[in-house]
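Below is the structure I would like to discuss, written out as structure tokens.
Everything numeric here is computed off the predicted structure, so don't read it as measured data. Numbering of ligands and ligand atoms starts at 1, following listing order.
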Amino acid sequence: MSPLNLDESLLDDHLNSPRFIPLRFASRRRRFFIAAGSAFSILSFLLLAYISFSRPSLLVSQEVPPHTDDAPSWNRKSSLLGPPADRFRDNLRNDTKYMTSWISAGWTNDVMTYGNLIYLAMLTERVPIVGPFTPSHIGGDAGNILFSEVFDLDYLSKRIGISVLEWSEVKNISSTEIEDIGCWSVWEAVQTREKHPRKSDALRLQGLDISFTAGPASLQKIPGYEHDPHAHFWSIASLLYSPDRENNLVAPQPSEVHGAVLPPDEHLACFDYLYYVCAHTSFEYEHDISPAWRFVVKNFRWTNRLQGIADGYLRRTFKVPDHDPIPPYIAIHARRANDFIRYCNGQPKEDCFPSITTYQRRIEEMQTETRDRLGVVPQHVIMLSDEEDPAWWDSIRMVGWYTIDHVGEDTVNKYGSKWYPVLIDAVIQSSGIGLIGMESSTMSLLAGRRVQDWHNGVFKNVKWGRPNADDH
Ligand SMILES: Nc1nc2c(ncn2[C@@H]2O[C@H](COP(=O)(O)OP(=O)(O)OP(=O)(O)O)[C@@H](O)[C@H]2O)c(=O)[nH]1
Ligand SMILES: *[C@@H]1O[C@H](CO)[C@@H](O)[C@H](O)[C@H]1NC(C)=O
Ligand SMILES: *[C@@H]1O[C@H](CO)[C@@H](O)[C@H](O)[C@H]1NC(C)=O
């Protein structure tokens, strides 16, 4: 033992690492202490006092290594060894750790899930790898669409200061290699209904043969509570560090193709499903505190191409010449398809969903707010909805609100994908000065947050479910 009761072996292990500033300082101080002790003079005590008092300046002038600002030349693809490889392992750097997970719900939920993955990767200093978006509500024949066709990955990476990669950059999409890997199953830990990892077609997209290890029941926010499958970001993160990792390494389940039995991979950490994750409150994107929104998804900006396409639709709809500014507008997002009718308990749609009068009141309130706060009174109102009844759309145009004509514009054929009507509508919902959304729609929620944070605009949800539900 040294005079300061510090374990020398521990100290020496860390001496060469510039990251352990407090220990380096301790060892320096210790050397002076020994020198002082052997001389045993007043002078050495004065020296010791001097050293102690000058601790802050020592730290500032000598211990903090100079840093260089190399941000302008930073390229997110430098987090890979090269172009897409046949095997993902051949493309990962040995000085970098990675993280991935998969999606398994509607598009907006999937955007949130990728947001959670990227936030978890930030917390654990890993490079997140996202997959494409897979179709659900819009029909399986829509095919997948790359994350980077929707959101600007370079912008995102620069804004959040870490590389965000997508799988097609890591592994050649045409590769036939099936690679074994061990992953954690969060899903098995947070619910009891299904005794298997979260199922998803997305799991098969990268040619991975996954051996899952069930996460501990303690991952669930309220362990055993069947009505809330949320886990906390840090509970999941703890599985990547000692001692929680080794304490929770139960027997891995054999993979489907090779029957491989592997513990969770440490180079590429992977989790089956990260939708139900929060820092503090379940369904946290609904709360302003949402760190996944504030630190990540806020920086999911539409690609310039997609924004440009949507701007073209807006100009044609509002009859604004090319290159002229698009007038400030209020967008309404009305969810009216069967998945929302289910919550109407048999009431007719016109009793259950917001009426035109309800929307008119919200529009007036919004105009008052934007006039008072921004000095702008938007006159253009545009309706976006999954409604398929032409009579309802006619009633919308009758009151003078604009609608997008995806049939007349031949949107699906023009862009070769059924994704484009949804994407264009989502961009339009998030590019106005106001959004009137539909309570409990996540698509409304994300569009509303974009309007608030990107355009300093106003976001209000209408209540629905019975006549006059939105009265206030
Ligand atoms: N074109 C278009 N499609 C919409 C609109 N609103 C909803 N949809 C469709 O319905 C889906 C909405 O839900 P998802 O994005 O799957 O996400 P979700 O989490 O199920 O969304 P919510 O049920 O709204 O919470 C969209 O992806 C579209 O396929 C709209 O305004 N325009
Ligand atoms: C890491 O990879 C580099 C080349 O990419 C190689 O030179 C180095 O030896 C590798 N280090 C280890 C520990 O494998
Ligand atoms: C991906 O694989 C295909 C088929 O093997 C090949 O033709 C193509 O060049 C590969 N792409 C890259 C970037 O290696």
Problem set entry | Region of N109 engaging ligand 1 - heavy atom pairs below 4.0 Å | both

Problem set entry | Sub-4.0 Å protein heavy atom next to atom 7 (O) of ligand 3 | no

Problem set entry | S136 N/O under 3.5 Å from ligand 1 N/O | no

Exercise. Taking 4.0 angstrom as the limit, do D339 and R342 come out as a salt bridge?
Worked result: no

Exercise. When rounded to the nearest 0.5 angstrom, what is the spacing between CZ in R93 and NE2 in H267?
Worked result: 9.5 Å

Exercise. Does the protein put any heavy atom within less than 4.0 Å of atom 14 (O) of ligand 3?
Worked result: yes

For this session: Return yes when atom NZ of K418 has more than 12 non-hydrogen atoms of other residues, nucleotides or ligands closer than 6.0 Å, and no otherwise.
Result: yes

Problem set entry | Side-chain ion pair, K199 and D272, N-O less than 4.0 Å | no

Problem set entry | Sub-4.0 Å atoms of ligand 3 with respect to non-hydrogen atoms of N172 | 1 (C), 2 (O), 3 (C), 8 (C), 10 (C), 11 (N), 12 (C), 14 (O)

For this session: Run the contact test for P421 against ligand 1 with a 4.0 Å cut-off on heavy atoms, strictly below, and give the result.
Result: yes

Exercise. Any N/O of D86 closer than 3.5 Å to an N/O of ligand 3?
Worked result: no

Exercise. At under 4.0 Å between heavy atoms, which part of H406 makes contact with ligand 1: side chain, backbone, both or neither?
Worked result: neither

Seminar exercise, completed: Under 4.0 Å between heavy atoms, the region of S441 that gets near ligand 1 turns out to be both

Seminar exercise, completed: re atom 11 (N) of ligand 2, the protein heavy-atom contact at minimum distance is N94 ND2, 2.8 Å

For this session: Using the six-membered ring wherever Trp is involved, compare the ring planes of F295 and Y119 and label them parallel, tilted or perpendicular (cut-offs 30° and 60°).
Result: parallel

For this session: Give me the ring orientation class for F151 and W302: parallel if the planes are under 30° apart, tilted from 30 to 60°, perpendicular past 60°.
Result: parallel

Seminar exercise, completed: A student checking ligand 3 against P84 at a 4.0 Å heavy-atom cut-off should list atoms 14 (O)

Exercise. For the residue pair W293 and Y285, is the inter-centroid distance of their aromatic rings smaller than 6.0 Å?
Worked result: no

Exercise. Where does M438 meet ligand 1, judged by heavy-atom distances below 4.0 Å: at the side chain, the backbone, both, or neither?
Worked result: neither

For this session: Check whether the side chains of T403 and R397 place a donor and an acceptor atom closer than 3.5 Å, and report yes or no.
Result: yes

Exercise. What about the rings of Y313 and Y402, do their centers lie closer together than 6.0 Å?
Worked result: no

For this session: Please examine the side chains of R316 and D405, heavy atoms only from C-beta on, and report whether any two atoms are closer than 4.5 Å.
Result: no

Exercise. Less than 4.0 Å between atom 2 (O) of ligand 3 and some protein heavy atom, yes or no?
Worked result: yes

Exercise. Does any N/O atom on Q429 come nearer than 3.5 Å to any N/O atom on ligand 1?
Worked result: yes

Exercise. Closest non-hydrogen protein atom to atom 5 (O) of ligand 2, residue and atom name please, with distance?
Worked result: L81 CD2, 4.2 Å

